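First the structure, in the form of structure tokens, and then the observations on it.
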Amino acid sequence: MSTQQKTVIVTGASQGIGAAVANLFLDRGYNVVGNSRNISSRNELQRSDRLVLVDGDIGLATTAEKIVATAVKRFGSVDALVNNAGIFFAKPFTEYTPEDFQSLLSTNLNGFIYVTQLAVKQMLAQKTGGSVVSIGATIADHPLAAFTASVPMITKGGINAISKSLAMEYAKQGIRFNVVAPGVVDTPLLKDVPKDFLRTMSPTGQIPTSKDLAEAVFYLTEATQVTGEVLHVDGGTHLGHW
């Protein structure tokens with residue numbers, strides 16, 4: 001398997017799942033364009049001449065333009081996109097504020113739309129196909145009563161839906177769209193949640209790591225006959241009550 005000369009964009013790449021994804025792609029020979037709001041000043045990425053960093057809020061169309069333009073100028077192509085950037089916070093439904101909702105929409109949905117549109121346009125121009133993998137959530141389709149996150153799941157469920165639609169829309173052009181749906185993951189996003197509680201949310205009693213998610217993302221990126229798939233990396237949480 002040769003991945004030389006391929007270029008992947010990873011959003012939300014400064015830490016957690018995004019950093020694990022970017023580092024794994026670097027290890028596997030990809031050029032990587034990593035983005036987050038302040039990725040140049042703080043990140044968990046290995047140093048490489050095949051890595052370029054782009055600061056900016058992914059919820060802004062101008063940031064997406066800068067990311068894709070940088071990939072093309074520096075490496076000459078966009079072969080894969082990983083939509084990892086996202087925000088998440090759990091609270092009772094009635095306590096979500098209008099500001100909460102707008103923040104979720106901006107990062108989770110606007111960020112998906114803006115960068116994916118431009119990446120797909122570039123892939124179409126290249127006429128060599130491509131891959132888009134987005135990070136969803138198991139509880140978008142399989143809610144847990146103990147973990148109330150209804151409003152963020154509007155955005156994650158939307159990513160599942162649009163990925164399936166796009167998989168059909170661009171199948172003949174060889175551009176694939178898939179989703180990795182984690183359960184709870186040991187990342188900075190959940191650093192304040194007790195580990196003993198998190199273990200109760202998986203049938204295996206284990207908490208997946210960022211590396212576990214990165215391996216799933218890489219698989220879907222390279223799996224040329226897989227599209228429209230939601231791959232659960234959750235220790236079986238999506239299977240039901242345990």
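Every value quoted in this text rests on a predicted model; they were computed, and no experiment measured them.
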Among residues at least two apart in sequence or on other chains, which ones pass side chain to side chain contact (heavy atoms under 4.5 Å, CB included) with [X]?
X      : value
Thr138 : His142, Ala181, His232, Asp234, Thr237, His238
Lys66  : Val54, Thr70
Tyr96  : Phe89, Lys91, Asp100, Ala149, Ser150, Val151, Pro152

task = Please test Thr221 against Phe25 for side chain to side chain contact (heavy atoms under 4.5 Å, CB included), starting from the C-alpha separation and ending with a verdict.
result = CA-CA 10 Å; Thr221 300; Phe25 274 88; 3.5 Å; yes
message = Suppose we screen for side-chain hydrogen bond (donor to acceptor under 3.5 Å, both in side chains). Which residues come up paired with Lys211, at least two apart in sequence or across chains?
response =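 For Lys211 there are no side-chain hydrogen bond (donor to acceptor under 3.5 Å, both in side chains) partners, ignoring immediate neighbours.
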All side-chain hydrogen bond (donor to acceptor under 3.5 Å, both in side chains) counterparts of Glu99, not counting sequence neighbours =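 Here the qualifying residues are Thr97.
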Minimum heavy-atom separation for [X] to [Y], with atom names?
X      : Y      : result
Val180 : Val233 : CG1-CG2, 3.9 Å
Gly86  : Asn108 : CA-OD1, 3.1 Å
Leu26  : Ser48  : CD2-OG, 4.0 Å
Phe75  : Leu51  : CZ-N, 4.3 Å
Val78  : Met123 : O-CG, 3.4 Å
Asp79  : Gln5   : OD2-O, 3.8 Å

Rounded to the nearest 0.5 Å, how far apart are [atom1] of [X] and [atom2] of [Y]?
X      : Y      : atom1 : atom2 : result
Ile175 : Thr128 : CD1   : OG1   : 8.5 Å
Phe112 : Thr107 : CZ    : OG1   : 14.5 Å
Thr224 : Leu220 : OG1   : CG    : 11.5 Å
Ser163 : Asn178 : OG    : CG    : 8.0 Å
Asn83  : Ile159 : CG    : CD1   : 7.0 Å
Leu81  : Leu118 : CG    : CG    : 10.0 Å

Please confirm whether the backbone N or O of [Y] pairs with a side-chain atom of [X], one donor and one acceptor, at under 3.5 Å?
X      : Y      : result
Thr227 : Phe177 : yes
Ser41  : Asn38  : yes
Ser210 : Ala20  : no
Asp212 : Thr209 : yes

task = Start with the C-alpha distance between Met153 and Ile139, add both sets of side-chain angles, then the distance that settles side chain to side chain contact (heavy atoms under 4.5 Å, CB included), and finish with yes or no.
result = CA-CA 7 Å; Met153 289 311 104; Ile139 60 172; 3.5 Å; yes
message = Ring centroids only, cut at 6.0 angstrom: are Phe93 and Phe101 within range, meaning strictly under it?
response = no
Cation-aromatic face contact Arg50/Tyr30, 6.0 Å, 45 degrees = no
query = Of Lys6, Arg176, Arg28, which meets salt bridge (Lys or Arg N to Asp or Glu O under 4.0 Å) against Glu222?
reply = Lys6
key: salt bridge (Lys or Arg N to Asp or Glu O under 4.0 Å) involving Asp27 - partner list, sequence neighbours excluded   = none
Side chain proximity check, Asn160 to Asp141, heavy atoms < 4.5 angstrom =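 Yes, side chains in contact.
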ask   = Quick one: does Asn84's side chain get under 4.5 Å of Leu213's, heavy atoms only?
value =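 Asn84 vs Leu213: side chains apart.
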request  = Check step by step if side chain to side chain contact (heavy atoms under 4.5 Å, CB included) holds for Ile87 and Ser103.
outcome  = CA-CA 8 Å; Ile87 59 174; Ser103 294; 3.8 Å; yes
Chi angles and distances behind the side chain to side chain contact (heavy atoms under 4.5 Å, CB included) call for Val226, Tyr219 = CA-CA 10 Å; Val226 180; Tyr219 162 72; 3.7 Å; yes
key: Test side chain to side chain contact (heavy atoms under 4.5 Å, CB included) applied to Ile162 and Val179, Thr116, Ile113, the passing residue   =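 In the set Val179, Thr116, Ile113, the residue that makes a side chain to side chain contact (heavy atoms under 4.5 Å, CB included) with Ile162 is Ile113.
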ask   = Does one side chain, of Asp55 or Asn35, offer a donor that lies under 3.5 Å from an acceptor on the other?
value =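 On atom types as modelled, these side chains do not qualify, holding no pair under 3.5 Å.
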ask   = Just checking, any donor-acceptor pair under 3.5 angstrom between side chains of Ser14 and Asn43?
value =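 On atom types as modelled, these side chains do not qualify, holding no pair under 3.5 Å.
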task = Flag yes if Met168 and Val133 sit in one hydrophobic cluster, no otherwise; membership is Ile, Leu, Val, Met, Phe, Trp, Tyr, and two members link when side-chain heavy atoms are under 4.5 Å apart.
result =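 In one cluster with Met168: Val133, no.
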ask   = If two hydrophobic side chains count as joined below 4.5 Å and joins carry through other members, does Leu60 share a cluster with Ile58?
value =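 No, Leu60 does not connect to Ile58 through the hydrophobic network.
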